[in-house]
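This is a predicted model, so every value here is computed, not measured. Residue numbers count from 1 along this sequence.
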Amino acid sequence: MSIVTNCMIVNLQLGVWTGHRLDKAATKRVTDEANAEEDAARVNKHLVPKEALKKISNAQGQVRLHFYDRTLPWKDNGDRVLTRVMFERFIEEHGQLKEKFNEAVLDFLKNEYPVVVQKAEFRMGELFKKDDYPSPRELRTRFYVNLDIDGISEAKDFRVKIDADERKRVQAEIESAMERRIVEAQKHVWERLATTMGHFTERMKTKDAKFKAATIENLAELAEILPGLNVVGDPELDALAKQISKLVSGCDAKSIRENDEQRKAIGKEAASIMSDIGGFMKALGVQA
């Protein structure tokens, strides 16, 4: 499986107005009164109550969580790798979450913000400054969700006109860096699988009256998206995804809580799968 033809690079940019602002005058008063140096304290004003931005904050968190859940690490600059298999589903889900984010922003600007501004002078007291509060039109630009999508470049795509020997050296470094990133991305998938499967297996070892359906659902969801995270098309990973899907398809939280025999049977199968995962990870040189 060629990562160049079957994967792409995605980068998420999220912008949110936090409603915080440094008050230099208030900071100076505090440090002067305390006989402290100028950098000893900072007075940051909370221009709006935290609750007013809660819906936006939650929507932003869902966009970010989804992005990291459906992609794999690539570069330290925020670039992530997204497979062609996952692309259609990812874009659809991302679009829905982005729409919810925008709806939360518009609701805030239309309903919450005018009330906040109206009450600001009373709420902020001597810290109030009218200029701290942008107009709704200006504020709208502070909230955004952008997604950059780009292809993955190969070493041969580097065609800068430099000395031939130097160009070969750079191309070799590009190839080496890509190999490291591919290894790290696939390592991330295996570690995530081991963590989620390991948690499920541990929960099957003892009777738990508080066992929740979320433990099953989390594993089922991972098994479902696992082929879309398989950047190198590892057949062992795909086979494990099918095994896990089959295992959890017959799981019911209530039955697991109440039926010891069923729990033990599921636990035995889960332990076998976990053993296979450990074996594959050891062969790949990945710490289980």
Are [X] and [Y] within salt-bridge range, i.e. N to O under 4.0 Å?
| X | Y | value |
| --- | --- | --- |
| D260 | R263 | yes |
| K205 | E202 | yes |
| K28 | E33 | no |

Side chains of [X] and [Y]: does their closest heavy-atom pair fall under 4.5 Å?
| X | Y | result |
| --- | --- | --- |
| L147 | N11 | no |
| D234 | W190 | yes |
| V81 | I152 | yes |
| Y68 | L12 | no |

Rounded distance [0.5 Å steps], CG in L53 versus CZ in F108: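 One gets 4.5 Å once the value is rounded to the nearest 0.5 Å.
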
hydrophobic_cluster_shared for V4 and I9, side chain cutoff 4.5 Å: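 Cluster IDs for I9 and V4 match.
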
Same apolar cluster: L97 and Y144, side chain cutoff 4.5 Å: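 No: no chain of side-chain contacts under 4.5 Å links L97 to Y144.
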
Residue among E179, R180, E173 satisfying side-chain hydrogen bond (donor to acceptor under 3.5 Å, both in side chains) with S176: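 The residue from E179, R180, E173 that satisfies side-chain hydrogen bond (donor to acceptor under 3.5 Å, both in side chains) with S176 turns out to be R180.
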
Side chains of N230 and Q186, donor plus acceptor under 3.5 Å: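 A pair is found: one side chain offers a donor N or O, the other an acceptor, under 3.5 Å apart.
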
Donor-acceptor side-chain pairing of N111 and D107 below 3.5 angstrom: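 D107 and N111 do have a side-chain donor-acceptor pair below 3.5 Å.
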
Non-hydrogen atoms of F211 and R203 that approach each other most closely: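 Looks like CA-NH2, 3.6 Å.
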
For the student: nearest non-hydrogen atoms of N77 and D79, plus distance: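 The pair with the smallest heavy-atom distance is OD1-N, 3.0 Å.
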
Backbone N/O of G228 and side chain of T83: donor-acceptor pair under 3.5 Å: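 Between the backbone of G228 and the side chain of T83 there is a qualifying donor-acceptor contact (under 3.5 Å).
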
CZ/R123: more than 12 non-hydrogen atoms of other groups inside 6.0 Å: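 Yes.
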
Whether over 12 other heavy atoms sit under 6.0 Å from E221 CD: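 For E221, atom CD is crowded (more than 12 foreign heavy atoms under 6.0 Å).
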
